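Worksheet: one structure, shown below.
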Amino acid sequence: DIGGGGVRFSCDTLLSNMQEFNAQLRLTPFEPMIKIGGFVLKKTFYKEDEYLFEFTQISEKDRNLIIQKCIQIEREQNKKY
């Protein structure tokens, strides 16, 4: 689950709430990596191994790329139904 503000993910490693990370994200195999910084949030209603990575360091260009990719996927999914 991803959007312009963050990504929800599962992880086998126990992470601390508010733990800071830098990461790289690739939307497709043919696009360059998007560099992001942020912190992990652990919500009580998530599964035990589920976290939210909230983006705090991301360029507007990269944020817009993520949003456009999400819109594209949503349109494709809506066509199926």
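Given the structure is predicted, the values throughout are model-derived calculations rather than measurements. The first residue in the sequence is number 1, and the count goes up from there.
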Roughly how far, to the nearest 0.5 Å, is the CG atom of L27 from the CE atom of M33? 10.0 Å

Going by atom type alone, with no hydrogens or angles, which donor-acceptor pairs under 3.5 Å involve a side-chain atom of residues 11-21 and a protein atom two or more places apart or on another chain?
from : atom 1 : to  : atom 2 : distance (Å)
N17  : OD1    : K42 : N      : 2.7
Q19  : OE1    : S16 : N      : 2.9

Got a sec, which residues hit side-chain hydrogen bond (donor to acceptor under 3.5 Å, both in side chains) with T28, two or more places apart in sequence or on another chain? E31

Could you check whether atom CZ of R26 has more than 12 heavy atoms from other residues, nucleotides or ligands sitting under 6.0 Å from it? yes

Can you list everything that forms a ring-ring contact (aromatic ring centres under 6.0 Å, His included) with F39? Sequence neighbours excluded, please. none

Not counting sequence neighbours, which residues clear salt bridge (charged side-chain N to carboxylate O under 4.0 Å, His left out) with E48? List them please. none

For residues C70 and G3, report the shortest heavy-atom separation together with the two atoms involved. SG-CA, 4.0 Å

Please tell me whether Y51 and Y46 are part of a single hydrophobic cluster in this structure, the criterion being side-chain heavy atoms less than 4.5 Å apart. no

Please round to the nearest 0.5 Å and tell me the distance separating atom CD of E74 and atom NZ of K79. 12.5 Å

Hydrophobic clusters here meaning ILVMFWY residues chained together by side-chain heavy-atom distances under 4.5 Å, can you tell me if V40 and I58 are in one? yes

Check whether any side-chain heavy atom of V7 lies under 4.5 Å from a side-chain heavy atom of L25, and answer yes or no. no

E60 side chain near R63 side chain, heavy-atom distance below 4.5 Å: yes

Restricting to non-hydrogen atoms, name the atom on I36 and the atom on F53 that form the minimum distance, rounded to 0.1 Å. CD1-CE2, 3.6 Å

Do L65 and I73 belong to the same hydrophobic cluster, where Ile, Leu, Val, Met, Phe, Trp and Tyr are linked whenever their side-chain heavy atoms lie under 4.5 Å apart, directly or via other members? no

Not counting sequence neighbours, which residues clear side-chain hydrogen bond (donor to acceptor under 3.5 Å, both in side chains) with Q68? List them please. none

Residues two or more places apart in sequence or in another chain: which of them pass side-chain hydrogen bond (donor to acceptor under 3.5 Å, both in side chains) with S59? D62

